[in-house]
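Here's the structure we're looking at; comments come further down.
The analysis underlying the following values was restricted to heavy atoms, covering all of them including side chains, and did not include hydrogens, waters or symmetry mates. Order of listing sets the numbers, starting from 1, for every ligand and every atom in it.
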Amino acid sequence: MTTNSPADVVAGLRATFATGRTRPLDWRLGQLEALRTLLTEQREALQQALHEDLGKGPAEAYRTEIGFTLNELDHTVRHLAEWLRPRPAAVPEAFLPAEARAVREPLGVVLVIAPWNYPLQLALAPLVGALAAGNTVLVKPSELAPATSAAIARLLPRYLDPQAVAVVEGAVPETTALLEQRFDHIFYTGNGAVGRIVMAAAARHLTPVTLELGGKSPVVVDSGADLAVTARRIVRGKFLNAGQTCVAPDYVLAVGDTAPALEAELAEAVREAYGEDPAADPEYGRIVNTRHFDRLTALLGDGRTVTGGGFDRESRYLAPTVLADVPPQAPVMRAEIFGPVLPVLAVPDLDAAIAFINERDKPLALYAFTESDATKERLAAETSSGALVFGLPVSHLAVPELPFGGVGESGMGRYHGEYSVDTFSHTKAVLDKPLH
Ligand code: NAD
């Protein structure tokens, strides 16, 4: 942790940016390589921190945090030169002879504010994009994942250029103080209430923001879908990180008469994935803190329990739980669940499913299991969401050529791969007409 004031830290980063040293491709690639070394050499320490904060098992911690960031980094290193190449533009005849091009230039000082649920990935994947675009970066990890936050604060300045990358740890007071500073871009991941605070603070300096928010991501299960495969894939996506994933399936809309058979398959899929006693599975996570634990256990009374429902407050263990016959007005259907509780609601047909989705906030992801192209086309044409995924919930965020972001209440802006470089750059128009 730095002991300098927020103003000093930002001034330092701004001074580094002004030297121009972050602009050359070699510097950017060098920083990305240094980050790769950090992730490789410190793998065990990072896995340990993630276990301390969220009970993440080593395999899940690697796959969803360290390995995920390495993939993002590799993809960026591979393509960065091509993404930075000026794009020629056609010039109208009246201006000829002349040349025109669009050029990506870095913005300056970027602030990344990260949440606790994937505390490493969600701090470092935006960092990859911000460095690739040639910026200096201030990272503010989440105080609710203190071990990971401390590791980030200790390691980033050790491996990366400490004058170009700074870490400020802390909670609301520290973040509030940071937000008084002028940044050239603020990249925030977390809940929408704080998203509004961030955007209001950014407005004072006319700073552009990316808001990666959350919400309830529905899963539509169509009549005729293979329910055993469907259940297995929903379970894998839902109970990853004990349901504390922004793109986790939040609830299921079971179309027609699919609900009873689907419920049975979901119970079976949970048993297959986590055994008879999920508490004993080292890869099954824990709830981040008692506040969230109490919030989640209060939801267990809604509907009929198909499987799960057990919990232990002291270890913040909450069993993978499936609820059926949940009324649409039940508390579990009001806000994002963000935990291992999966309500299943029966709807008579696809029209009802689409109406249900469209009556609510635009989700970060919409998932569907269907064998019907007509259903796919209708969902694509008649709903709006950050992402639309058929057949494999949560997987889209690991496709680096796809943009990742929300729409409406689920956020604004996008990142990953080239979309990150776009987010953290200004695309400048250059027109060059010879004088003679
Ligand atoms: P959190 O509590 O860790 O907060 C996120 C960040 O905001 C932290 O760094 C925190 O210090 C800061 N913060 C909190 N209160 C603040 C305030 N008053 N002023 C300024 N900064 C403040 O995480 P969270 O918000 O509980 O995260 C969970 C939410 O994030 C869920 O809604 C989830 O869906 C969403 N999320 C979205 C994505 C995505 O990529 N779209 C990823 C993960 C989580």
Side-chain angles (χ1 to χ4, degrees), residues 1 6 53-54 64-65 68-69 72 111-126 129 138-150 152-153 167-181 183 186-202 209-217 237-238 240-250 287-289 291-293 295-296 334-339 361-365 385-387 394 396-398 402-416 419-420 423:
M1 180 159 36
D53 288 332
L54 289 142
T64 65
E65 303 251 20
F68 180 96
T69 310
E72 176 70 13
L111 172 63
V112 173
I113 304 177
W116 53 265
N117 62 331
Y118 288 86
L120 189 75
Q121 183 212 130
L122 296 173
L124 300 191
L138 199 169
V139 178
K140 211 301 286 176
S142 176
E143 73 281 12
L144 298 186
T148 311
S149 174
I152 290 172
V167 181
V168 172
E169 290 190 85
V172 177
E174 291 80 3
T175 317
T176 306
L178 278 180
L179 286 172
E180 281 165 19
Q181 306 305 312
F183 293 92
I186 300 177
F187 187 100
Y188 168 81
T189 306
N191 68 75
V194 176
R196 286 166 166 80
I197 295 173
V198 169
M199 197 167 168
V209 293
T210 303
L211 301 179
E212 295 283 344
L213 310 178
K216 293 178 89 64
S217 295
K238 173 71 186 187
L240 182 73
N241 199 23
Q244 302 164 110
T245 302
C246 56
V247 286
D250 189 271
I287 305 306
V288 65
N289 58 27
R291 183 171 66 81
H292 280 286
F293 181 85
R295 177 182 66 76
L296 288 163
R334 277 189 212 139
E336 180 180 7
I337 297 170
F338 220 53
D361 293 333
K362 291 182 180 179
L364 187 55
S385 52
V394 183
H396 59 292
L397 94 169
L402 281 178
F404 184 75
V407 55
E409 282 286 323
S410 56
M412 64 180 71
R414 61 209 64 76
Y415 77 128
H416 286 176
Y419 293 97
S420 288
T423 285

Using a strict cut-off of 4.0 Å, indicate which atoms of ligand 1 neighbour a heavy atom of N117. 43 (C), 44 (C)
Within 4.0 Å of some non-hydrogen atom of E212, the atoms of ligand 1 are 37 (C), 38 (C), 39 (C), 40 (O), 41 (N)
Verify, without hydrogens or angle tests, whether E65 (side chain) and Q121 (backbone) share a donor-acceptor contact under 3.5 angstrom. yes
Step-by-step side-chain contact (heavy atoms from CB on, under 4.5 Å) determination, E212 to F404: CA-CA 9 Å; E212 295 283 344; F404 184 75; 3.6 Å; yes
Which protein heavy atom lies closest to atom 25 (O) of ligand 1, and at what distance to 0.1 Å? N191 ND2, 2.6 Å
In this structure, atom 1 (P) of ligand 1 is nearest to the protein heavy atom W116 CD1, 3.5 Å
Quick check: closest heavy atoms across P6 and A177, and the distance to 0.1 Å? CG-CB, 3.9 Å
N or O pair under 3.5 Å between S142 and ligand 1: yes
Salt bridge (charged side-chain N to carboxylate O under 4.0 Å, His left out) partner of D250, the single match among R334, K238, K216: K216
Nearest protein heavy atom with distance in Å, relative to atom 40 (O) of ligand 1: F404 CE2, 3.2 Å
Sub-3.5 Å N/O-N/O distance, K140 and ligand 1: yes
At a 4.0 Å threshold, what atoms of ligand 1 neighbour a non-hydrogen atom of G214? 32 (O), 34 (O)
Taking the side chain as everything from C-beta on, heavy atoms only, tell me whether F183 gets closer than 4.5 Å to L138. yes
Please tell me if the side chains of L178 and V168 come closer than 4.5 Å, counting only heavy atoms from C-beta onward. yes
Ring-ring centroid check F68 Y118, cutoff 6.0 Å: no
In terms of residue, atom name and distance, what is the protein heavy atom nearest to atom 36 (N) of ligand 1? C246 CB, 3.4 Å
Looking at L179 and L111, what are the two nearest heavy atoms and their distance? CD2-CD2, 4.0 Å
Atoms of ligand 1, numbered as shown, that sit under 4.0 Å from any heavy atom of T175: 11 (O), 20 (C), 21 (N)
Could you say whether the N/O atoms of T189 and ligand 1 ever approach to under 3.5 Å? no
Is any side-chain heavy atom of V194 less than 4.5 Å from a side-chain heavy atom of Y188? yes
Should the proximity of V247 to ligand 1, defined as any heavy atom under 4.0 Å, be assigned to the side chain, the backbone, both, or neither? neither
Between L213 and ligand 1, is there a nitrogen or oxygen pair with a distance under 3.5 Å? yes
Would you check if P119 and L54 make a side-chain contact, meaning some heavy-atom pair closer than 4.5 Å? yes
For atom 7 (O) of ligand 1, what's the nearest protein heavy-atom neighbour? Residue, atom name and distance, please. Y188 CE1, 3.4 Å
For atom 10 (C) of ligand 1, which protein heavy atom lies nearest, and how many Å away is it? E143 OE1, 3.5 Å
Proximal ligand 1 atoms for F338, defined as those under 4.0 Å from one of its heavy atoms: 28 (C), 31 (C), 33 (C), 34 (O)
Hey, does V288 have a side-chain heavy atom less than 4.5 Å from the side chain of N117? no
Check ligand 1 against L122 and write out every atom of the ligand that is under 4.0 Å from a heavy-atom position of the residue. 42 (C), 43 (C)
Under 3.5 Å, N or O to N or O, is T176 touching ligand 1 that way? no
Can you find an N/O atom of E336 closer than 3.5 Å to an N/O atom of ligand 1? yes
Under 4.0 Å between heavy atoms, the region of L144 that gets near ligand 1 turns out to be side chain
May I ask whether A114 has any heavy atom positioned less than 4.0 angstrom from an atom of ligand 1? yes
Ranking I113, V194, V112, V139 by closest non-hydrogen atom to atom 16 (C) of ligand 1, top hit is V194
Can you check which of G405, G386, A177, G190 brings a heavy atom nearest to atom 30 (O) of ligand 1? G190
Of the backbone atoms (N, CA, C, O) and the side-chain heavy atoms from C-beta on, which set of I197 has a member under 4.0 Å from an atom of ligand 1: side chain, backbone, both, or neither? side chain
Please verify the inter-ring angle class for Y415 with F187; under 30° counts as parallel, over 60° as perpendicular, anything in between as tilted. perpendicular
So do T148 and P141 actually touch side chain to side chain, heavy atoms under 4.5 Å? no
At their closest point, which heavy atom of L240 faces which heavy atom of T245, and how far apart are they? O-OG1, 3.5 Å
Taking non-hydrogen atoms only, is L364 closer than 4.0 angstrom to ligand 1 via side chain, backbone, both or neither? side chain
CD1 on I113 to OG1 on T210, rounded to 0.5 Å: 11.5 Å
Side chain or backbone of Y118 under 4.0 Å from ligand 1, or both, or neither, by non-hydrogen atoms? neither
